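To start, the structure under review is shown below, and the notes come after it.
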Amino acid sequence: MTGITQRIQEIRQQLPSYVRLIAVSKKVSVPELREAYEAGVRDFGENRLAEALPKQEQLRDLPDITWHFIGHLQSNKGKKALEHFQWIHSVDNLKLAVRLNRLAGELYCQPQVCLQVKMLPDPNKYGWSVPDLVECLPELNQCRGLKIKGLMTILPLGLSPNETLAAFETTRHLAEKIRGQNWSHIEMEQLSMGMSGDYLLAVKAGATAIRLGTKIFRDRTP
Ligand SMILES: *Cc1c(COP(=O)(O)O)cnc(C)c1O
């Protein structure tokens, strides 16, 4: 058994069955990606189109992969993203949402998206602040070509475990609050949160999708 296979099996044993394991394959080679696929992973996340598209091309014999775009998306790359990804986790501003909505209509696709929110101020990250997101909800609800499924968050570095858990729980509470407002075209069932360093806390707080790169692909044993 390869390291990748073994690590995937160990991670799976830690996860409730409803949690979607997204293998973040940025900077990972196609053979390694295939190993993860052989180990049962069907969800892969990439953060750059220029890197993802050639890899997808080489993996066309595996049509049951679901591709998740998880990086900051410039509006002018929206079309390419919609053509090559079923999910976009990183919808982080209204202009992008409106643009994707229009493109989805033109391309006859219905992308599944998450709204990326910053639970704590972090100048180095993209994403809505909580008040900005709440203010944009009426306009987002008009984006009927998008399937708005939930929230995505990335926490700032350097939080303690308690702070991390609290921030993930606050994210869940925000999703519940938005769900309680009964928007006609905004679902809030999905919580995309948790990376290699904090996914167990994210799952504890109610994550439905975790995004793991290092934990799956990088062997730390010498
Ligand atoms: C790289 C990346 C991940 C995975 O990070 P690891 O710490 O390697 O697990 C998850 N989410 C996003 C948005 C990323 O860019």
Side-chain angles (χ1 to χ4, degrees), residues 3-12 14-15 19-30 32-33 35-37 39 41-53 55-56 65-74 77-78 81 84-93 96-97 100 111-120 122-128 133 149-161 163-165 167-168 171 190-221:
I4 290 173
T5 306
Q6 189 178 349
R7 291 193 291 274
I8 288 170
Q9 291 185 357
E10 284 164 8
I11 293 161
R12 281 237 185 270
Q14 300 172 312
L15 301 179
V19 174
R20 191 193 287 249
L21 172 60
I22 301 171
V24 176
S25 46
K26 65 184 182 206
K27 299 185 187 138
V28 168
S29 70
V30 168
E32 290 172 298
L33 239 141
E35 276 182 59
Y37 181 92
V41 173
R42 292 295 179 271
D43 293 275
F44 289 90
E46 290 277 347
N47 67 342
R48 287 181 56 243
L49 289 173
E51 180 185 338
L53 270 43
K55 286 202 274 188
Q56 291 181 345
I65 291 180
T66 299
W67 289 99
H68 301 257
F69 193 81
I70 59 171
H72 175 62
L73 185 60
Q74 292 164 290
K77 305 245 174 85
H84 293 274
F85 289 83
Q86 289 83 52
W87 280 80
I88 299 180
H89 290 236
S90 43
V91 176
D92 55 16
N93 67 80
L96 176 62
L100 291 175
Q112 305 177 87
V113 308
C114 295
L115 306 173
Q116 183 174 352
V117 61
K118 288 197 279 200
M119 299 313 295
L120 296 161
D122 187 344
N124 301 318
K125 293 232 166 60
Y126 290 98
W128 269 285
L133 176 64
K149 304 296 270 185
L151 301 179
M152 186 273 240
T153 197
I154 306 172
L155 300 184
L157 296 172
L159 300 182
S160 72
E163 290 166 335
T164 302
L165 182 62
F168 284 141
T171 314
Q190 299 294 324
L191 285 173
S192 169
M193 54 189 198
M195 310 183 4
S196 292
D198 57 16
Y199 69 100
L200 290 176
L201 293 168
V203 168
K204 197 168 171 186
T208 62
I210 58 172
R211 310 177 309 270
L212 301 189
T214 317
K215 184 83 189 167
I216 292 175
F217 291 110
R218 293 290 163 250
D219 197 345
R220 284 200 196 71
T221 58

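Both ligands and their constituent atoms are indexed starting at 1 by order of listing. Just so it is clear, the model here is predicted, and its values are computed rather than measured.
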Task: Glu35: salt bridge (Lys or Arg N to Asp or Glu O under 4.0 Å) partners, not counting sequence neighbours - done: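 Checked Glu35 against salt bridge (Lys or Arg N to Asp or Glu O under 4.0 Å); zero matches.
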TODO: Ignoring hydrogens and angles, tell me if any N or O in the side chain of Gln56 forms a donor-acceptor pair with the backbone of His84 under 3.5 Å.
DONE: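 Yes, because the side chain of Gln56 sits within donor-acceptor range (under 3.5 Å) of the backbone of His84.
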Open item on the list: Taking ring pair (Phe, Tyr, Trp, His ring centres under 6.0 Å) as the definition, give me every residue that meets it alongside Trp67, ordered by chain and number, with sequence neighbours left out.
Closed with: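 Residues passing ring pair (Phe, Tyr, Trp, His ring centres under 6.0 Å) with Trp67: Phe44.
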Task: Sequence-distant partners of His72, ring pair (Phe, Tyr, Trp, His ring centres under 6.0 Å), two or more places apart - done: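 Ring pair (Phe, Tyr, Trp, His ring centres under 6.0 Å) list for His72, sorted by chain: Tyr126.
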Open item on the list: Within the structure provided, determine whether Leu159 and Asp198 are in side-chain contact (heavy-atom separation under 4.5 Å).
Closed with: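 Leu159 vs Asp198: side chains apart.
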Open item on the list: Taking the side chain as everything from C-beta on, heavy atoms only, tell me whether Leu151 gets closer than 4.5 Å to Gln190.
Closed with: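 Answer no - side chains too far apart.
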Report all N/O contacts between ligand 1 and the protein shorter than 3.5 Å as a table of atom names and distances to 0.1 Å; if there are none, say 'none'.
residue, atom, partner, partner atom, Å
ligand 1, 8 (O), Thr214, N, 2.8
ligand 1, 8 (O), Thr214, OG1, 2.5
ligand 1, 9 (O), Ser196, N, 3.0
ligand 1, 9 (O), Ser196, OG, 2.5
ligand 1, 9 (O), Gly213, N, 2.8
ligand 1, 11 (N), Arg211, NE, 2.9
ligand 1, 15 (O), Lys26, NZ, 2.8

